[in-house]
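The structure appears below as structure tokens.
Each chain gets a letter, A, B and so on, in the order its sequence line appears, and its residues count up from 1.
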Number of protein chains: 2
Amino acid sequence: MNRANNIINSDTPQSTEAVILKAASEVFMERGFDGARMQEIADRAGLNKALLHYYYRSKEKLFNAVFERVLIEMIEGMIQIFEDNLTVFESIRSFFKKHQEILMKNKLLPLFMLNEIQRAPELLIDLYPVDRIQVVRKKFYSDVNNEQHMGIIRKDVDPHDLFLNILSLSVFPFAAKPLLKGFYSMDENDFQSMISHRKENLADFVINAIKA
Amino acid sequence: MNRANNIINSDTPQSTEAVILKAASEVFMERGFDGARMQEIADRAGLNKALLHYYYRSKEKLFNAVFERVLIEMIEGMIQIFEDNLTVFESIRSFFKKHQEILMKNKLLPLFMLNEIQRAPELLIDLYPVDRIQVVRKKFYSDVNNEQHMGIIRKDVDPHDLFLNILSLSVFPFAAKPLLKGFYSMDENDFQSMISHRKENLADFVINAIKA
DNA sequence: GTCTATATTGGGATAGAC
DNA sequence: GTCTATCCCAATATAGAC
């Protein structure tokens with residue numbers, strides 16, 4: 001269980017501050033900012049509400065602390081996946097494999113992030129240097145372009161679209177988990193095995209879609 | 001602007017009940033159940049809070065009225081798209097085209113639905129006869145199987161996966177709109193033209209991925 | 001630093017006049 | 001049916017003892 005794959009659960013926290021942050025992460029992830037209660041966070045941390053305010057002043061500040069941490073680790077995690085020097089096909093394979101594993105350990109992450117950014121879009125700009133991720137995207141784009149010239153990837157593939165498609169295929173099932181459970185009447189195990197299956201097969205889907 | 005494509009905005013409402021429902025739809029969609037305020041709904045409807053309770057008893061009942069309507073229209077809309085007797089490739093083309101148009105008119109719909117079902121999964125089962133959508137899925141599956149035997153679609157395509165992939169590609173960008181805006185620094189127009197672009201090209205992506 | 005007790009306000013819900 | 005005024009609880013936040 002290496003650090004990169006583990007966004008919410010820190011390693012057996014010691015300091016009160018860390019205990020609070022861990023409990024807060026859980027509750028905010030499950031219920032969102034508006035649905036979360038300071039009381040529940042205190043209960044889960046085994047402390048009282050007053051202490052939360054002692055350390056973090058307000059619910060909003062506590063939330064921001066949680067969100068910033070989650071946001072940074074998520075993006076850094078995604079960046080790492082793309083960092084190795086691989087062919088585009090290999091990158092795609094490795095991306096799905098690693099990304100599905102990350103999300104499997106943090107099933108609530110996608111919906112949480114999408115939600116809170118919709119609620120307060122400034123969170124994204126305020127808390128993160130957005131251009132950090134541009135570097136990776138640009139590299140991916142030029143890699144794709146190269147392989148298009150080499151006749152490996154179809155010429156009509158737009159790298160920008162491709163990136164978004166990959167992200168959609170990877171993330172959506174997690175955001176839609178409760179919906180899928182309802183429609184397909186799946187339980188937690190079914191969902192898990194669906195993801196393992198996708199982890200192996202999504203790359204083929206995409207590669208077939210783009211290969212020349 | 002036909003009815004099927006129009007989930008939130010009803011046609012120039014008359015009755016107070018309808019005015020409330022319309023205002024409530026807007027506010028719940030924008031802020032979710034937990035973030036929504038009865039006061040804001042009243043303000044937008046040009047009425048006072050007391051009337052909301054007069055007609056709908058409680059916030060929760062008002063929400064359920066909104067949610068049920070949205071859920072049913074959404075599913076019925078999706079079902080209609082698949083109802084025509086087309087080849088799989090044609091279905092896919094027509095699905096993306098129509099579905100992107102529906103979502104374009106209700107950009108907040110996907111995230112709203114995903115959210116609220118995560119918050120209260122029983123909404124799905126309580127408010128809708130789930131098996132209604134199974135019929136369409138089953139038909140799609142058997143169509144795919146047929147065309148696999150005819151050598152049109154790759155044998156290793158799992159219809160179940162394919163369905164989820166199509167949904168992911170169609171829905172995710174809307175759920176992630178604020179995130180995309182942040183990362184790509186897009187404005188509303190950029191987003192709109194990205195969707196028009198995808199409306200035309202998503203089908204090719206999928207068809208390339210699955211054609212034998 | 002951590003607790004109990006309390007202040008304060010936001011917001012869902014109701015009473016009652018018209 | 002629609003309004004104003006009010007109730008009341010839940011939830012954030014603070015005071016102050018230890």
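Taking the six-membered ring for Trp and thresholds of 30 and 60 degrees, A:F95 and A:F82 have nearly parallel ring planes, at less than 30 degrees apart.
Remark: B:F205 engages no residue in a ring pair (Phe, Tyr, Trp, His ring centres under 6.0 Å) (not counting sequence neighbours). When the salt bridge (charged side-chain N to carboxylate O under 4.0 Å, His left out) test is applied to A:D143, the partners found at least two apart in sequence or on another chain are A:K139. Looking at residues two or more places apart in sequence or on another chain, you find a side chain to side chain contact (heavy atoms under 4.5 Å, CB included) between A:D43 and A:Q39. Taking the ring pair (Phe, Tyr, Trp, His ring centres under 6.0 Å) definition, one finds that A:F28 meets it with A:F63, sequence neighbours left out. B:D156 pairs by the salt bridge (charged side-chain N to carboxylate O under 4.0 Å, His left out) definition with B:R154, not counting sequence neighbours.
B:L47 has its CG atom 17 Å from the C1' atom of C:dG12, to the nearest Å. As rounded to whole Å, 16 Å separates atom C1' of C:dT9 from atom CE of A:M38. One atom, CG of B:D34, and another, P of C:dG11, lie 12 Å apart when rounded to the nearest Å.
Applying the side chain to side chain donor-acceptor pair (under 3.5 Å) test to residues at least two apart or on different chains, none of the pairs has a partner in residues 49-62 of chain B.
Taken residue by residue, residues 48-57 of chain A places heavy atoms nearer than 4.0 Å to DNA chain C at A:N48, A:A50, A:L51, A:Y54, A:Y55.
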List the atom pairs, donor and acceptor, that lie under 3.5 Å between side-chain atoms in residues 174-186 of chain A and the rest of the protein, sequence neighbours left out.
unit_1 : atom_1 : unit_2 : atom_2 : d
A:K177 : NZ     : A:E188 : OE1    : 3.1
A:K177 : NZ     : A:E188 : OE2    : 3.0
A:K181 : NZ     : A:E188 : OE1    : 2.5

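No contact: B:A42 has no heavy atom under 4.0 Å from any strand.
Counting 5' to 3', DNA chain D first comes under 4.0 angstrom of a heavy atom of chain A and last does so at the ends given by D:dA11 to D:dA15.
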